[in-house]
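Worksheet: one structure, shown below.
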2 protein chains.
Amino acid sequence: MADLQGDEMRLFLTDEQLRQGIEAMFFAYRGFTADPDMILASKAYGRAHHRAIHFVARSPGTTVNNLLAMLGVTKQSLNRVLRTLLQDGLIESRVGPSDKRERHLYLTESGNALERELSDAQRARMRAAYRSAGPEAVAGFRQVLEAMMDPELRRRYHTLRETTT
Amino acid sequence: MADLQGDEMRLFLTDEQLRQGIEAMFFAYRGFTADPDMILASKAYGRAHHRAIHFVARSPGTTVNNLLAMLGVTKQSLNRVLRTLLQDGLIESRVGPSDKRERHLYLTESGNALERELSDAQRARMRAAYRSAGPEAVAGFRQVLEAMMDPELRRRYHTLRETTT
DNA sequence: CATTTTAAGTCAGCTTTGTTGACACTCCAA
DNA sequence: TTGGAGTGTCAACAAAGCTGACTTAAAATG
């Protein structure tokens, strides 16, 4: 990467190449969310609920503050979503064992069921894309995505990976 | 892609790998939109305006119907955005030369100025990501994104590339 | 030529998901 | 014991999506 030829640089860093990358991100993200969105619509939930459920599933016992930082929304916005999930019995909130101000969040059995349904759909598309592109393409895909993240989110992304891989 | 070993398959198609890909998409998309969003916020426009501007810049003279298909929103939703851009003199609408029902959309000079400002910011991040990941990673990135798209959008994505590359 | 279909625009009303700002309560730590 | 952090909640608002109904003009079709 450090010792590219001038021509090679130009080939993949032209404005046109970058524009295509931008459009690819836009169209791909639509596909990325399409399947879960379908499921959610039939259940009176939205993408915001999915995101909360995803990260609680990913880090059981996570606190509200941690979730806020992950999702990058305001406390009020998350709270509205979280409240419906608590009321509907998909998420359980336990008072922090050491710090009693904190609420630790867990999926209930039915929360887990919905999570599985959503993530099965999303992973199915991902799996098909990965399979058709092949392992080397996937490695590149991951590299570029990581480089696009804000440093703070990249840090969080790595932290997530460490705790579960 | 056709002749992978079983082990290799398992290595990059595990649920955990797919989950990481999903999270990478989520965090990267935040970065992807962060810079234009900052600029837009200071100008009382939103992401929806950016998207309209982008595709009009990309395909000057495009019709409203074509834009609708690209963006995947309703006519009413697009219209609200388009109206403010017309009123503010960023987009120009000309009656179709052959079919007078159609409106062909063009950026005005100031529309082009905003487009450049937004896409410079977005491309800068993209360029940095591409450069740090290298040309092979970029190729893989594009392959996976393309495979994630819905077929109809993939078709449109290719059409876009043909007309401008 | 009459009818139907298409492209575009508009009005009204609703939903989701984000935002500020203000405030209360609990609890940890200095 | 006081200041600040973590959480929850109220109110009000904005962006951007949606549905449904309707108009106008022009093209396409019979």
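In what follows, chains are A, B, ... by sequence order, proteins preceding strands, each numbered from 1.
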Look at the side chain of Ser77(B) and decide which nucleotide, out of dG6(D), dA16(D), dG9(C), has an atom nearest to it. dA16(D)
Taking NZ, NE, NH1 and NH2 as the nitrogens, is one of them in Glu23(A) or Arg142(B) under 4.0 Å from a carboxylate oxygen of the other? no
Name the closest nucleotide to the Thr74(A) side chain, picking from dC28(C), dT20(C), dA26(D). dT20(C)
Can you see whether Thr62(A) engages Asn66(A) through a side-chain donor-acceptor pair at a distance of less than 3.5 angstrom? yes
Which nucleotide wins on minimum distance to the side chain of Gln76(A), given the candidates dG17(D), dC10(D), dC18(D)? dC10(D)
Do side-chain atoms of Ser132(B) reach the backbone of Ala147(A) as a donor and acceptor pair under 3.5 angstrom? no
In whole Å, what is the span from the NZ atom of Lys75(A) to the P atom of dT20(C)? 12 Å
Determine the contact category for Thr84(A): base if any of its heavy atoms lies under 4.0 Å from a base atom, sugar-phosphate if only primed atoms, P, OP1 or OP2 are that close, otherwise nothing. nothing
Could you give the CG-to-P distance, from Asp37(A) to dG17(D), as a whole number of Å? 13 Å
Side chain of Arg103(B) (C-beta onward), nearest among dG8(D), dG6(D), dG9(C): dG9(C)
Between Leu68(A) (CG) and dG8(D) (C1'), how many Å, whole number? 12 Å
So if I apply the side chain to side chain donor-acceptor pair (under 3.5 Å) rule between Asp120(A) and each of Arg116(A), Gln122(A), Arg123(A), which one comes out positive? Arg123(A)
Do Arg101(A) and dT26(C) share a donor-acceptor pair, side chain to base, under 3.5 Å? no
Contact under 4.0 Å: Arg47(A) side-chain N or O vs dT16(C) OP1/OP2: no
Separation of dA15(D) atom P from Lys43(B) atom NZ, nearest Å, is 16 Å
Rounded to the nearest 0.5 Å, what's the gap from CD on Glu117(B) to CG on Asp35(B)? Could you check? 11.5 Å
Between atom CG in Leu78(B) and atom C1' in dA15(D), what is the gap in whole Å? 15 Å
Short side-chain N/O contact to dA8(C) OP1/OP2 from Asn79(B), under 4.0 Å: no
Interatomic distance, Lys100(A) NZ vs dC28(C) P [rounded to whole Å]: 6 Å
So if I take every side-chain heavy atom of Val73(A) and compare against dG18(C), dA12(C), dA8(C), which nucleotide ends up nearest? dG18(C)
Side-chain N or O of His49(A) closer than 4.0 Å to phosphate OP1/OP2 of dT16(C): no
With a non-hydrogen cut-off below 4.0 angstrom, is His104(B) in contact with a base, only sugar-phosphate, or nothing? nothing
Taking the nucleotide of DNA chain C with the closest heavy atom to each, which residue, Arg80(A) or Leu82(B), is nearer the 5' end? Leu82(B)
Quick check: on DNA chain C, is the nucleotide nearest Leu105(B) upstream (toward 5') of the one nearest Ser98(A), or the reverse? Name the residue that is more 5'. Leu105(B)
Can you find a side chain N or O atom of Arg51(A) that sits less than 4.0 Å from OP1 or OP2 on dG18(C)? yes
